[in-house]
Amino acid sequence: MTDSDDLFGGKDTRKSSGAAQSNSTQKAGSKSPSPTRGKTASEADYDASAIEVLEGLEPVRRRPGMYIGGTDEKALHHLFAEVIDNSMDEAVAGHASVITVELEADGFLSVGDNGRGIPIDPHPKFKDKSALEVIMTVLHAGGKFDSKVYDTSGGLHGVGVSVVNALSEKLEVEVARGQQLYRQDFARGKPLGKVKLIGKVQNRRGTKVRFKPDHEIFGEAAKFSPARLFRMARSKAYLFGGVEIRWSCAPTLVEGMDVPAEAVFRFPSGLKDYLVNEIEGRETVTDQIFSGKIEKEGGHGSLEWAISWLGGVDDGFVNSYCNTIPTPEGGTHEQGLRIALLRGLKDHADRINQSKRAANITTDDIMITCAAMLSVFIREPEFQGQTKDKLATLEASKIVESAIRDAFDHWLAAAPSQALKLLDWVVERSDERLRRRADKEIARKSAIRKLRLPGKLADCSSAGTAGSEIFIVEGDSAGGSAKQARDRATQAILPLRGKILNVASATRDKLLANQQLSDLLQALGCGTGNHYREDDLRYERVIIMTDADVDGAHIASLLITFFWRQMPKLIDNGHLFLAVPPLYRLSHGGKTAYARDDAHKDELMRTEFKGKSNIEIGRFKGLGEMMPGQLKETTMDPRRRTLLRVVIPDDGKPAAESAVEQLMGNRPEARFAFIQERAAFATELVDL
Ligand code: 28F
């Protein structure tokens with residue numbers, strides 16, 4: 001004989017004292033009765049005016065949204081939640097073991113349990129009414145007069161079955177209690193008569209509510225969705241292993257659907273089964289599910305959890321519940337879970353001497369791929385938020401944290417290789433997060449700087465500094481060729497018109513007033529002098545690209561002087577280069593070679609074009625004269641070009657300083673020779 005067949009009289013008789021009865025009358029409509037409510041509610045609270053205000057379900061019909069959050073499909077299904085939650089309360093409290101849910105073809109939905117049955121004796125405060133009738137017709141009946149409770153657990157959860165009654169065109173309640181079957185019918189919340197004794201029953205006890213939502217409220221087309229009811233009913237069985245839920249649905253309603261007409265849900269190892277079902281077919285980081293259950297006598301403080309980490313990023317979830325009611329907005333219980341997992345994993349890392357790796361891990365890193373089910377049972381849950389979907393009871397945080405923390409420590413210690421896999425995975429998530437943040441910061445910084453970039457600059461499109469270059473080009477026409485020859489992603493072009501200011505002799509004010517130089521400073525972004533900041537340099541390489549002639553050399557020397565004086569660190573750190581454009585183009589037959597100067601040309605004639613006559617030799621007058629393709633091939637393409645890195649060895653600095661003083665006068669030929677010889681401060685041929 002199962003509980004469901006239990007005859008009336010067993011457990012019930014223990015609760016027949018007046019005190020128990022009056023306390024139990026507090027329960028109606030409240031998700032979780034306060035054990036103190038019976039004592040705190042004084043007689044004065046129940047005076048006639050208070051009753052008048054609360055009596056009658058008219059307000060519910062006038063403004064249903066206030067009570068069930070709307071009149072849409074979600075609200076409609078909330079009626080079901082309200083009714084089955086009352087059955088679940090009775091089951092969680094240990095009085096019921098079987099719940100039936102039946103959707104009929106005519107739109108009626110009935111929910112029943114084998115609990116104690118709602119009391120049908122006269123209500124102590126509403127003299128001429130039974131407790132049953134009060135529960136069904138009085139808004140917030142059941143101690144909700146106590147405003148403290150009203151505030152905290154009001155809203156969507158536990159609004160009471162009277163709200164369901166008010167919003168149903170028809171509702172019938174059957175109570176099997178004391179081997180008698182009682183029944184009372186209602187229409188739109190109004191009793192159609194008193195509670196009636198129908199007759200004797202032997203193998204039945206409990207409460208059954210059969211109702212049809214009012215089309216005047218929910219609209220003509222509103223109908224229960226079998227799939228949705230099925231899922232809601234099944235999840236209750238997952239959430240409370242001690243209950244069996246029998247589902248049935250008119251076959252016509254589920255034709256062609258993936259919903260069975262009949263099913264029995266019973267999941268003794270509840271949440272774990274639920275999780276296995278939810279993540280079926282998904283890749284997981286560890287082989288085992290971390291799950292556990294702690295049962296406290298009387299239910300209060302009990303909890304159950306099942307957790308796995310999914311191999312795909314970003315598809316973690318936490319499904320949490322309080323007293324089997326979903327809490328999609330999370331709350332204190334989820335907070336406890338997050339803390340337990342974070343501290344547990346970090347401490348484990350400590351124990352295996354990997355605390356350094358785990359130092360940056362946050363709860364986000366653990367939770368982002370975590371698939372978790374969490375169910376807590378507490379006596380007086382408080383819900384928060386617009387939709388009352390968030391658990392606010394502070395105590396839940398500690399209960400969950402300490403229980404899961406202990407179990408997690410054991411779980412990690414018991415399977416070290418699995419624990420290491422998890423740690424590696426979470427550390428990876430943390431590294432990834434830090435990398436993303438750095439990228440974002442770079443993008444943000446460069447976006448800000450871009451706002452202040454000179455108009456003439458053709459910037460490169462890649463965000464970071466790594467691999468990027470800026471070519472400082474002599475003249476607008478060379479600038480045009482360079483723009484066509486560049487790789488837009490990594491190469492920026494800044495054309496300078498004519499000669500720049502000779503900084504060796506200019507004052508700082510004059511320098512700042514100079515348009516060419518201020519364009520250059522803006523493009524580089526790193527500041528000058530004491531304000532130079534290497535981190536802000538927008539390019540990895542700064543390349544001076546001038547014509548291979550005396551004027552070009554002069555401009556190059558002016559620029560180098562500028563860098564040497566204003567940002568020596570840029571040179572010290574190896575960022576400054578000279579491009580080496582060719583001066584001659586040599587061709588013979590299908591063969592072409594470029595020479596950077598006369599000596600190089602002679603060398604090529606001796607080597608590459610040895611013994612050839614009629615070698616075609618062309619001299620470029622300037623960069624602007626070259627075809628973009630030629631410029632790219634000879635001077636700009638990182639795979640084929642030659643760059644000179646400008647270096648000033650520490651022991652060459654005094655010499656460089658005097659050379660600058662010496663050479664920045666009016667002798668361009670000397671400068672040209674100087675650079676060509678790459679003496680002292682322009683040396684080191686590098687291929688980049
Ligand atoms: C189909 C929905 O609503 N089941 C319920 C009970 C049992 C008791 C109860 C409910 C009495 C007056 C508060 C019985 N005996 N299923 C349900 N089963 N309510 S609702 O009591 C409500 C109190 O107001 C019950 C002793 N104590 C409680």
Side-chain angles (χ1 to χ4, degrees), residues 3-4 6 8-35 37-38 41 46 54 79-103 108-126 129-146 149 158-165 168 171-178 180 182-184 186 195 204-211 229 232-233 236 243 245-247 323-324:
D3 245 1
S4 60
D6 213 4
F8 169 74
K11 296 172 185 173
D12 248 15
T13 45
R14 284 180 291 132
K15 283 265 177 184
S16 59
S17 82
Q21 187 62 44
S22 115
N23 193 21
S24 69
T25 56
Q26 307 294 326
K27 186 191 165 189
S30 161
K31 195 96 288 106
S32 304
S34 160
R37 217 177 291 153
Y46 291 99
L54 292 166
L79 300 183
F80 168 59
E82 195 61 45
V83 178
I84 196 173
D85 281 351
N86 286 332
S87 287
M88 283 302 287
D89 268 4
E90 194 66 0
V92 170
H95 301 296
S97 59
V98 177
I99 294 172
T100 57
V101 177
E102 184 178 359
L103 180 60
F108 270 88
L109 178 61
S110 74
V111 180
D113 63 60
N114 64 344
R116 293 166 295 179
I118 299 176
I120 35 70
D121 28 25
H123 194 279
K125 308 298 165 201
F126 299 82
K129 286 176 185 166
S130 65
L132 174 68
E133 186 174 331
V134 171
I135 287 170
M136 300 313 295
T137 57
V138 177
L139 193 52
H140 293 126
K144 292 254 175 167
F145 302 147
D146 181 337
V149 175
V159 287
V161 70
S162 63
V163 169
V164 179
N165 192 20
S168 296
L171 184 143
E172 312 156 4
V173 198
E174 283 181 0
V175 171
R177 203 177 146 90
Q180 310 279 8
Y182 305 89
R183 173 174 171 152
Q184 189 168 19
F186 304 84
V195 58
R204 181 175 167 188
R205 61 180 202 111
T207 310
K208 184 173 167 183
V209 172
R210 181 175 179 267
F211 67 104
L229 295 175
M232 288 169 78
K236 293 292 179 190
V243 75
I245 297 182
R246 297 176 186 160
W247 157 263
N323 297 358
T324 80

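Here the structure is a predicted model, which is why all the values come from computation and not from measurement. We count ligands from 1, going down the list as the structure has it; atoms in each ligand are counted the same way. Start at 1 with the first residue, then count along the sequence.
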Which is closest to atom 17 (C) of ligand 1 by heavy-atom distance: D85, D121, D113, V101? D113
Is there a nitrogen or oxygen of S87 sitting under 3.5 Å from a nitrogen or oxygen of ligand 1? yes
Output the list of atoms in ligand 1 that are nearer than 4.0 Å to some heavy atom of N86, sorted by atom number. 3 (O), 17 (C)
Shortest heavy-atom approach to atom 20 (S) of ligand 1 - which of T100, N114, I118: I118
One residue to check: I135. Relative to ligand 1, which of side chain, backbone, both or neither has a non-hydrogen atom less than 4.0 Å away? side chain
Quick note on ligand 1: atoms under 4.0 Å from a heavy atom of R177 include exactly 14 (C), 15 (N)
For atom 8 (C) of ligand 1, the option (of G117, G115, P124, G206) bearing the nearest heavy atom: G117
Okay, side chain of R204, backbone of A176: is any donor-acceptor separation there less than 3.5 Å? no
Measure the spacing between CD of Q180 and CD1 of I120 and express it to the nearest 0.5 Å. 8.5 Å
Test your reading of the model: is there a side-chain donor-acceptor pair from R205 to the backbone of G115, 3.5 Å cut-off? yes
Any atoms of ligand 1 less than 4.0 Å from a non-hydrogen atom of V83? List them with their elements. 1 (C), 2 (C)
Of all residues at least two apart in sequence or in a different chain, which pass the side chain to side chain contact (heavy atoms under 4.5 Å, CB included) check with E133? K129, S130, T137, Q184, P191, K194
Who are the side-chain hydrogen bond (donor to acceptor under 3.5 Å, both in side chains) partners of T324, not counting sequence neighbours? K236
Any donor and acceptor pair, going by atom type alone, linking the side chain of E90 with main-chain N or O of R116 inside 3.5 Å? yes
